[in-house]
Amino acid sequence: MTTQQNTDRRANQIATTVVELRAFFAHHEGYAMLREQFEILLAERCAALAAGRPVEARGIAVIGDTGSGKTTAVRHLLRNYLPEAGEDTAEVASFQVPSPATLKHVGYELLNALGYPMNRLPTSMIIWRKVRFHLRERQVKFLHLDEAQDLAINQSDKEKIDVVNTLKSLMQEPSWPVGLILSGMPDLRSMLNMDPQLARRFHPVEFQPISAARSGGNIMQIVQAYGAKARLETASGLGERDFVERLVHASAHEFGRMIELIVNAIRERLYAGGGTLEAVDFAAAFRRATGVVDGVNPFLADQFQHLDTRMLRGGMEL
Ligand SMILES: Nc1ncnc2c1ncn2[C@@H]1O[C@H](COP(=O)(O)OP(=O)(O)OP(=O)(O)O)[C@@H](O)[C@H]1O
Ligand SMILES: [Mg+2]
């Protein structure tokens, strides 16, 4: 085999490992709360249906900053409830709010996603009536809307009220109320709080920022578990408080961003020949992702606590 072929083979192996690592779901506290809440609501909904009793649909609002892992968590939770291709009914439908998020456009795209495209664009009222009809036809018990904060962004007060009323009408439809799972950034909370009737029907699940103080031991185990999947040892320094604090800070305190960083560090180590995962691999991964110079790399800088890791770009001095 030529040197070039050897290099290609190794790159392919590393790429396969990285893809496998990215597909792995790491459990966390926010996910446990979400799953518990969803299972309660689903069980109550099924019991009410079996008993032929009318139900009041309820909702879950999954709220967290960018990179906290909302989309990944809801996708993982719902994976067993989404319909197979060709199935007529679906317990759950999942949908990403499109841009621009006018009520009419959202309804139109939602109909499309439910498998009932319209070739003309009637009024918003007609579109949403059809949405409610098809949700009932397909027996959808829960509808997930990702990026739900966009429903209220850049909208006039009148449009925001229309959004709130539309969501309420889905949940209060007498013949087939639909539970909502809304995931989005913290602005989502203000949207729901616009209407006390809507807010009362939602259970909030917060994806809180991670902290070394609260979950240091857990974080160390996650790093080790990911390393082991890639057949790497983990340097003992990665269990120390200083490293965990740097990792949390570099991830802007967001769980998902931390996992991305761990996988990227593993990739650096694999390209460096494998062996033991070290802090320098994390520094290299951060450098590659952001282009920063070592002086502002949170894995290398002395005063890393003051670095704004959300904004670090292009090696600028902060
Ligand atoms: N539980 C998890 N296990 C493994 N990887 C995760 C997990 N949660 C998040 N990630 C990783 O973090 C990345 C960011 O997560 P995700 O896209 O779910 O965040 P988000 O909260 O939806 O962010 P945004 O608000 O920007 O859409 C994902 O691409 C995934 O690689
Ligand atoms: Mg998301």
Side-chain angles (χ1 to χ4, degrees), residues 14-38 60-80 82 93-99 101 106 109 113 143-154 180-192 204-211 214-215 218-230 247-268 277 282 285-286 288-290 309-313:
I14 295 174
T16 307
T17 305
V18 168
V19 168
E20 277 168 16
L21 291 180
R22 290 216 178 105
F24 179 71
F25 182 79
H27 286 253
H28 54 90
E29 208 181 329
Y31 178 72
M33 279 163 53
L34 169 63
R35 191 174 66 185
E36 184 183 275
Q37 195 58 59
F38 177 70
I60 302 175
V62 185
I63 298 170
D65 267 314
T66 178
S68 58
K70 306 176 293 291
T71 303
T72 310
V74 179
R75 208 174 273 159
H76 187 74
L77 174 72
L78 300 182
R79 72 197 185 290
N80 296 326
L82 292 168
S94 181
F95 175 71
Q96 179 168 345
V97 171
S99 178
V106 172
E109 292 295 339
L143 174 65
H144 167 225
L145 300 180
D146 198 12
E147 305 286 359
Q149 80 284 342
D150 281 358
L151 288 168
I153 239 164
N154 299 332
L180 295 179
I181 302 170
L182 304 182
S183 48
M185 305 271 285
D187 287 347
L188 173 58
R189 180 192 303 284
S190 344
M191 185 181 99
L192 296 175
V205 173
E206 301 270 354
F207 281 15
Q208 302 280 3
I210 50 171
S211 89
R214 236 177 345 111
S215 28
N218 238 344
I219 291 173
M220 194 186 77
Q221 282 174 1
I222 292 175
V223 174
Q224 276 173 346
Y226 270 84
K229 280 178 194 302
L247 174 58
V248 166
H249 192 79
S251 313
H253 292 258
E254 301 302 344
F255 186 84
R257 288 173 74 146
M258 179 182 77
I259 301 285
E260 279 180 333
L261 198 39
I262 294 171
V263 174
N264 290 344
I266 288 175
R267 182 175 56 193
E268 296 293 337
L277 186 63
F282 286 81
F286 194 86
R288 194 185 295 280
T290 60
T309 41
R310 282 178 198 274
M311 294 303 185
L312 278 179
R313 282 289 177 271

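Start at 1 and go down the list; that is how both ligands and their atoms are numbered.
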Can you confirm, on distance only, whether ligand 1 has an N/O atom lying under 3.5 Å from any N/O atom belonging to Gly67? yes
Going by the side chain to side chain donor-acceptor pair (under 3.5 Å) test, which pairs reach into residues 25-35, not counting sequence neighbours? none
For ligand 1, does Val263 get within less than 4.0 Å through its side chain, its backbone, both, or neither, judged by non-hydrogen atoms? neither
Below 4.0 Å, non-hydrogen atoms only: which portion of His76 touches ligand 1? Side chain, backbone, both or neither. neither
Evaluate Met185 for polar contact with ligand 1, using N/O atom pairs at a separation under 3.5 Å. no
Report the part of Phe255 in contact with ligand 1, treating N, CA, C, O as backbone and CB onward as side chain, heavy atoms under 4.0 Å; options are side chain, backbone, both, neither. side chain
Under a 4.0 angstrom heavy-atom cut-off, which atoms of ligand 1 come close to Asp65? 21 (O)
Residue Ile259 vicinity, atoms of ligand 1 by number, heavy atom under 4.0 Å: 4 (C), 5 (N)
What is the closest protein heavy atom to atom 29 (O) of ligand 1, and at what distance does it sit? Glu260 OE2, 3.6 Å
Can you tell which part of Glu147 has a heavy atom less than 4.0 Å from ligand 1: side chain, backbone, both or neither? side chain
Under a 4.0 angstrom heavy-atom cut-off, which atoms of ligand 1 come close to His28? 1 (N)
Best match, Gly64, Ser183, Gly69, Ser251: closest heavy atom to atom 19 (O) of ligand 1: Gly69
Counting from 1 in the order shown, the ligand 1 atoms closer than 4.0 Å to a non-hydrogen atom of Gly256 are 9 (C), 10 (N), 11 (C), 12 (O)
Note: ligand 1 atoms sitting under 4.0 Å from heavy atoms of Tyr226 are 4 (C)
In the protein, what heavy atom is nearest to atom 25 (O) of ligand 1, and what distance, to one decimal place, separates them? Lys70 NZ, 2.7 Å
Just which atoms of ligand 1 are under 4.0 Å from any heavy atom in Ala26? 1 (N), 2 (C), 3 (N), 4 (C)
Nearest neighbour of atom 18 (O) of ligand 1 from the list Ile222, Thr72, Thr66, Ile63, on a heavy-atom basis: Thr72
Per-atom filter on ligand 1: closer than 4.0 angstrom to a heavy atom of Phe24 are 3 (N), 4 (C)
What atoms in ligand 1 come closer than 4.0 Å to a heavy atom of Phe25? 1 (N), 2 (C), 3 (N)
